[in-house]
Each structure stands twice: as C-alpha cells, then as structure tokens.
Amino acid sequence: MTSSPSTPTPSSHRAASFRLRHLCAPRAGRAAAMVQLGSRLLRGRGGHVIIRFALGGCTNRPFFRIVAANSRRARDGKYLEQLGCLDPLPNAHGEKVAGLNLERLRYWLGCGAQLSRPAEKLLGLAGFLPLHPMTVTGAERLRRRRQREQQTEAAPADGSAETDTGTGTGTAP
Amino acid sequence: MTGLDLHKVFRPEKKGLKPPHYKLMTEAQLEEATRKAIEEAKTKLIMPPVLNEREPIDDVLAEDKILEGTETAKYVFTDLSYSIPHRERFIVVREPNGVLRKATWEERDRMIQIFFPKEGRRVIPPTLFKDEKLGTVFQQDRHEDVLNMCIAQFEPDSPDYIRVHHRTYEDIEKHGKYDLLRSTRHFGGMVWYLLSRKKADGLLIDMINRDLLDDATSLITLYHMLHPECQSAKKAKEQKLQGVDLIKVFVKTESQREGYIQLALQAYEEAMATSSAS
C-alpha cells in the first residue's frame, strides 16, 4: 500500500484504518506493532488459534510450513509460531521429509488450538494422533476404484479377445 | 606413547596468509607460554571414543494394512524439539505399505544433519570414504586428514566410521608409516587396534629404531593388560621385569618377527654403548 495524502477522503472502513495506522504509528516500536491487530482480526470477538499448513516455495515446487496462526490470518501471512515443515516432493532417497516440533505442538494443543484437516491427517500418519478416519475412507475408496478399473479393463479385454482373435496384440491390462 | 611433538600438533594449517606475530618475552613468560601450549596440546590430543558397531534398529510401531497402495513414497517424520539429545530423538518412517517403523541409523543421521546441521558434516557422506577411493588418499600419505574428516562426518559407533578407521590402520601397518599418526589424537586408536589383533611387531620395531624405549615398554605393558593369559604376561608378572628385559621376553614368546626385533634391539644397545662411552 502506498503512503496516503494528508487529506482524508471518504472511503471504505479498511482503507481509512490502513491510512490511520500509517499516519499515527508508521514505524512504532515492536510492542505496539504486536498489540495492533489487522482490521480483519479486530471484529470484537472470534478467531482462534489453528495449526495448519502455510504454502511456500516456487512455481511447481511447493513446500509447506506447519504453523500455529490465528484462524483469520491469510494462509501464508503472519503466524504465531512455526511448528515444523513438510516437503511434499520425494527426495533422492524416495522420502517425503517432514519435521514436527512435538514439544511446542503439545503446548499449543494444550492451549486449545484447533487442527486443520490436512494437519490432522499428517499427524495421524506420523503416529502422534490416531489415524484420521478420512485417510482410511480415502484408502478404501481408492482401492474400490482401482478394482473397478481393473474389472472394466479385464472385461473389454476378454470381449475384444473373443471377437478379434487374429489382430495383433490386445490391450495389456 | 602418543608423543607430544609441539611442532607437529601446532603445525600451521593452510589458512589465509598473515604476517608473523612477534612477541618480546622474558624467560619466565616464555616458560609460562610453553606450559600453556603443552596444556592446550594435551586437550587437542584427547583420543576419540572407540566403540563397538551399533545394533541395527528394527522396531515396528504400528501396522495399518488399510493404507497400502495410497502413497508412492515413504514419509519420514522427525521430532524437532530443541531440548532432546539426538540419540533419544523420535524419527519414524511411514512406509507406502502402511507400516510405521523407527528409522534406521543411516536415515536418522541424515535427518539430524538436515535439521540440526553440524559443521564439517555432510548430509550424504563424501565419496572419499568408499573403499576404492581410500587407496588413492593413502598413497598421498594423508591418513590423518582422512581420519579427521571421518570423525567429523560419522558417529563413533557407525559401521562406516569403524570401517574407515580399520582400513587406515591396516594400511599404516602394511607400509610401516606409524610416524604419520604419532603426536595426533588417532595414535591411541591405532595402538588399540593393533594390540587387540596382536599385530604390534611393526610398531615395536619402529619405536626401537627411533630410540623410544619408554614407549616400547608401555606398549608391552598394555599388551599384557589386554591379553593377560599369554605366556609373556605370566612371565613378566612372575619375575616383575622392567624395561629392556620385558621387551626381550615378549620378543621370545609372542612376536612373529623375532629376527627383526632382535636386530633392532642390538642396534639400539650398540648405539647406547657408543654414546655412553664417548
């Protein structure tokens, strides 16, 4: 946001509050900046601590940071504490590396933080929490879909084998 | 026995060029400085630990057959809590077939180096430590550098550490280059290796040739402490031998290269006789 002119123009609440912040306390001390919440967060009440993934990295190269943040913050915005990281692409040894600061995670969970669904699934895979039911459901759905695909591939393969016996190689299942 | 050669311990490492720094000292200050240097050298010469090879980790925490086929790659989870010693850190692996197991030692070392990097250590060990490449380095007489790099890279109880050290000691023993490690912190490890395999003859000859009789006697006493049931140990205990006699008893009973050692001892005694006569 560029710095505003001195005359206040009638505009939306958000723009006014931004300008007000810039005019009144442009480079205030760290304590003042910490206490000041963004206007989206200042609605009187609401907002809770949530442990979720913040996406970073470059094009076609994602990297997640496991982060404890206010639920109303932007996904990649200011967070309270970083609790770990996850690299979703496998490395040279075929591993997806994830680090979790379990000590601090336990602290935030003790403070009453919520978890996002992907964070819950990851912790279930790690063994810190029990396995998430959606992981199980997802696995079962995948298995059923693969079975169905195999059956549909097998059926036309049999059908095509019966009809054209002489023509080249059939589709391999 | 490691020897305290200040010139070798504090020999200049290849760093940036700086003009030499001269200090004007009295005799007392010089003695003080030498004493401090000796103490520093002693800390530098502390032997690194010699441990047995570690047992492979093979612990399954959970088996969830339901997850089989969902993932293509395994997940490695590391506990990043700051105040836990690295040995007690939880590092678990979730395989694509749904098994949740503890990570192997190699995986553990790699993950700990990724998240808590240590200076001088690489995530993937350098190719220098492969058996074929070690030969080239040994030809250049750089055993000490290899061992220093090995200490920085591997844990003392990892099989790679032990393998590199054994290879180095074998090579030194084969070519008789014992002096390369004298006055370094690796000398103790080498002596331990040779004595536990009863290959100390070459070292003994080297010591006698350099007129290090005290070291030779300490070597034999250490040998007797390691193998108390051997003949020379029993004789030494009965007759309470000291000095050259101890070596002679050892030579007669235990050593393989008797002739060489006898020759070396003779040469030493002649040298002593001529020096004392003149």
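A, B, ... follow the sequence lines: proteins, then strands. Residue 1 opens every chain.
- With a 4.5 Å cut-off on non-hydrogen atoms, Leu100(B) touches chain A through its side chain but not through its backbone.
- With a 4.5 Å cut-off on non-hydrogen atoms, Ile84(B) does not touch chain A at all.
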Dump the intermediate steps for side chain to side chain contact (heavy atoms under 4.5 Å, CB included) on Val97(A) and Phe77(B), then the final yes or no. CA-CA 7 Å; Val97(A) 173; Phe77(B) 297 100; over 6 Å; no
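- With a 4.5 Å cut-off on side-chain heavy atoms, Leu67(B) and Leu131(A) count as touching.
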Find the N and O donor-acceptor pairs between chain B and chain A that sit under 3.5 Å apart.
unit_1, atom_1, unit_2, atom_2, d
Ile66(B), O, Arg143(A), NH2, 2.7
Glu68(B), O, Arg143(A), NH2, 3.0
Gly69(B), O, Arg146(A), NH1, 3.1
Gly69(B), O, Arg146(A), NH2, 3.3
Glu71(B), OE1, Lys96(A), NZ, 3.4
Lys74(B), N, Gly94(A), O, 3.4
Lys74(B), O, Lys96(A), N, 2.7
Val76(B), N, Lys96(A), O, 3.0
Val76(B), O, Ala98(A), N, 2.9
Thr78(B), N, Ala98(A), O, 2.9
Thr78(B), O, Leu100(A), N, 2.8
Asp79(B), OD1, Leu102(A), N, 3.2
Leu80(B), N, Leu100(A), O, 2.7
Ser81(B), OG, Glu103(A), N, 3.3
Ser83(B), OG, Glu103(A), OE1, 3.4
Arg94(B), NE, Leu125(A), O, 2.8
Arg94(B), NH2, Gly124(A), O, 3.3
Arg94(B), NH2, Leu125(A), O, 3.1
Arg110(B), NH1, Glu95(A), OE1, 2.9
Arg110(B), NH1, Glu95(A), OE2, 3.3
Arg110(B), NH2, Glu95(A), OE2, 3.1

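- Contact annotation for Leu142(A): only side-chain heavy atoms (C-beta onward) come within less than 4.5 Å of a heavy atom of chain B.
- Crowding of Phe90(B) atom CZ: a count of heavy atoms from other residues, nucleotides or ligands under 6.0 Å not exceeding 12.
- Interface check for chain B: of the options Ala126(A), Gly84(A), Gly94(A), Pro90(A), the most heavy-atom pairs under 4.5 Å are formed by Ala126(A).
- A pairwise comparison of heavy atoms in Cys85(A) and Phe115(B) identifies SG-CE2, 3.7 Å as the closest pair.
- By the neighbour-count criterion of 12 heavy atoms within 6.0 Å, atom CG of Asp58(B) is sparsely surrounded, having that number or fewer from other residues, nucleotides or ligands.
- The number of heavy-atom neighbours closer than 6.0 Å to CD of Glu132(B), taken from other residues, nucleotides and ligands shown, is above 12.
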